[in-house]
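To start, the structure itself, in structure tokens.
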Amino acid sequence: MNSIFKQILKKIKEYDTIVIARHVGPDPDAIASQLALKDIIEYNFPHKKVYAVGTGVSRFKFLGILDKVDESTLEHALLIITDVPRFDRVDGAYKPRYDFTIKIDHHPCDEVICDLELVDESSSSACQLITELVYKTKLKINKDIASKLYLGIVADSDRFLLSYTSGKTLELSSKLLNDYDLDLMGLYQNLYDRSINERRFEAYIINNLTITENGFGYIKITDDVIKKYEVDSSTASNMVNNLNFIRELKAWAFSSFDDKMGLYKINIRSRGLVINDVAEEYNGGGHKFASGARLKSEEEVDLLFEALDKRCKEDKENNQ
Ligand code: AMP
């Protein structure tokens with residue numbers, strides 16, 4: 001058994017109170033990874049108290065319900081963070097409250113922030129890493145847990161389309177599918193169910209995207225439009241994934257205003273052009289080809305968009 005997996009299992013066995021957190025503004029992989037891990041621990045060690053924390057997102061409720069916990073009452077607790085590289089992006093958990101911390105993540109990050117870290121940038125998703133943990137340690141799971149893990153992998157790899165998809169991704173997904181006889185159509189119903197308004201909103205985005213001569217596409221999604229199409233802002237920003245494989249686009253970005261945080265949320269994607277270093281310069285980060293940022297003003301949004309356009313321009317010039 002690989003030692004990091006063994007060490008994680010050992011720590012899980014050691015603690016009776018475990019909190020599992022993930023990043024703010026969660027996507028299906030973030031929520032599925034924390035809830036699947038909670039279920040796995042409870043399934044194998046029924047006496048343990050396990051809490052999956054953070055703000056819920058109504059459209060991902062089918063993955064399960066999150067817990068509320070007063071951290072000040074916790075004693076001798078273990079914190080596991082999944083799908084998040086830094087503590088300033090963790091939703092609902094404060095590191096100093098915990099005796100031991102573990103990170104399970106697939107984002108690029110050179111900084112070690114937890115006592116134990118399973119970080120693999122080549123992994124398609126946090127759920128893939130947890131699936132690996134299950135198979136390497138022989139932790140028991142059931143069909144419901146396998147379904148969550150499979151959904152996280154499918155969502156984050158965009159149905160095995162993105163570059164982080166590997167033989168290992170397919171192998172582990174196939175094992176989940178075969179070992180637990182998953183109901184794929186039922187799972188996809190939940191993940192991909194859309195209203196006609198949402199599809200119309202997608203058409204609006206395509207029709208209103210500005211594309212520069214350098215192959216950078218951008219759109220500022222306003223509250224008026226979100227209201228008109230009766231979608232929510234997280235739906236709007238998730239749509240950034242649907243613009244892949246457009247010939248004229250090298251990189252693209254959306255901005256929308258996050259009312260709760262009072263910040264502009266930026267979603268950035270590219271087709272093979274590294275963009276996370278640009279995002280990092282603007283209070284953001286993420287993967288090489290899928291990044292994000294949170295900005296205080298529209299001026300900063302414009303500056304980030306200009307920097308991304310410049311990156312596309314440099315790429316165009318280098319390839320001429
Ligand atoms: P999103 O567009 O929200 O799906 O985010 C794409 C990737 O960028 C995810 O891996 C996020 O964790 C990461 N990301 C988004 N916003 C930020 C931010 N403000 N700082 C660091 N990473 C971010």
Side-chain angles (χ1 to χ4, degrees), residues 21-34 54-55 57 59-60 81-92 103-111 113 119-129 152-159 161-165 191 202 205 217-221 231-244 249 251-258 260-271 273-297 300-301 303-305 307-308:
R22 40 71 192 160
H23 63 77
V24 289
D27 48 32
D29 182 41
I31 296 195
S33 61
Q34 70 169 163
T55 312
V57 177
R59 68 179 298 158
F60 303 142
I81 56 170
T82 66
D83 200 34
V84 60
R86 304 188 321 244
F87 270 100
D88 59 349
R89 300 259 305 142
V90 169
D91 185 2
K103 170 158 73 158
I104 300 178
D105 186 33
H106 69 129
H107 290 88
C109 184
D110 297 332
E111 206 187 336
I113 56 159
V119 176
D120 182 357
E121 209 191 310
S122 71
S123 182
S124 70
S125 51
C127 279
Q128 179 177 322
L129 290 172
I153 296 172
V154 167
D156 238 35
S157 68
D158 199 2
R159 286 171 266 180
L161 200 63
L162 299 180
S163 60
Y164 316 97
T165 305
L191 195 58
E202 199 174 334
I205 288 183
Y218 64 91
I219 184 163
K220 291 179 181 173
I221 301 165
V231 291
D232 57 42
S233 61
S234 70
T235 306
S237 54
N238 278 333
M239 249 167 224
V240 73
N241 295 314
N242 300 4
L243 269 59
N244 213 347
L249 289 182
W252 57 100
F254 291 4
S255 93
S256 52
F257 192 71
D258 184 334
K260 275 188 214 147
M261 298 179 89
L263 293 170
Y264 289 88
K265 183 179 182 198
I266 314 297
N267 309 90
I268 315 163
R269 298 292 184 272
S270 87
R271 295 177 75 180
L273 187 65
V274 174
I275 35 103
N276 59 343
D277 55 336
V278 181
E280 277 162 22
E281 284 172 29
Y282 290 83
N283 193 32
H287 304 282
K288 275 188 216 156
F289 314 133
S291 305
R294 298 282 184 283
L295 299 174
K296 288 196 188 97
S297 68
E300 284 179 304
V301 175
L303 286 174
L304 172 54
F305 283 2
L308 289 165

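We count ligands from 1, going down the list as the structure has it; atoms in each ligand are counted the same way. FYI, the numbering just counts along the sequence from 1.
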Out of the candidates Asp91, Thr82, Asp29, only one should pair with Arg22 under the side chain to side chain donor-acceptor pair (under 3.5 Å) rule; please name it. Asp91
Arg294 heavy atoms within 4.0 Å reach ligand 1 at atoms 16 (N), 19 (N)
Can you tell me how the ring of His287 sits relative to the ring of His106, calling it parallel under 30°, perpendicular over 60° and tilted otherwise? tilted
Check whether any heavy atom of Gly284 sits under 4.0 Å from an atom of ligand 1. yes
What protein heavy atom sits nearest atom 21 (C) of ligand 1, and how far off is it? Gly285 N, 3.2 Å
When you measure from atom 11 (C) of ligand 1 to every protein heavy atom, which one gives the shortest distance, and what is it? Arg89 NH2, 3.5 Å
Quick one: does His23 get an N or O within less than 3.5 Å of an N or O on ligand 1? no
Is there side-chain contact between Leu304 and Val301, with at least one heavy-atom pair below 4.5 Å? no
Please report whether ligand 1 has a polar contact with Gly292, defined as an N or O pair separated by less than 3.5 Å (distance criterion only). yes
When only distance counts, is His107 in polar contact with ligand 1, meaning an N/O pair under 3.5 Å? yes
Only one of Ser124, Ser123, Ser122 forms a side chain to side chain donor-acceptor pair (under 3.5 Å) with Asp120, so which one is it? Ser122
Less than 4.0 Å is my threshold; does some heavy atom of Asn283 fall inside it relative to ligand 1? yes
If you compare Pro26, Ala293, Ala290 by their heavy atoms, the one closest to atom 7 (C) of ligand 1 turns out to be Ala290
Residue list, ring-ring contact (aromatic ring centres under 6.0 Å, His included) with Phe257, at least two apart or on another chain: Tyr264
Could you tell me if any non-hydrogen atom of Arg269 lies under 4.0 Å from any atom of ligand 1? yes
Tell me if the NZ atom of Lys220 is crowded by more than 12 foreign heavy atoms within 6.0 Å. yes
shortest atom 3 (O) of ligand 1-to-protein heavy-atom contact is with Asn267 ND2, 3.4 Å
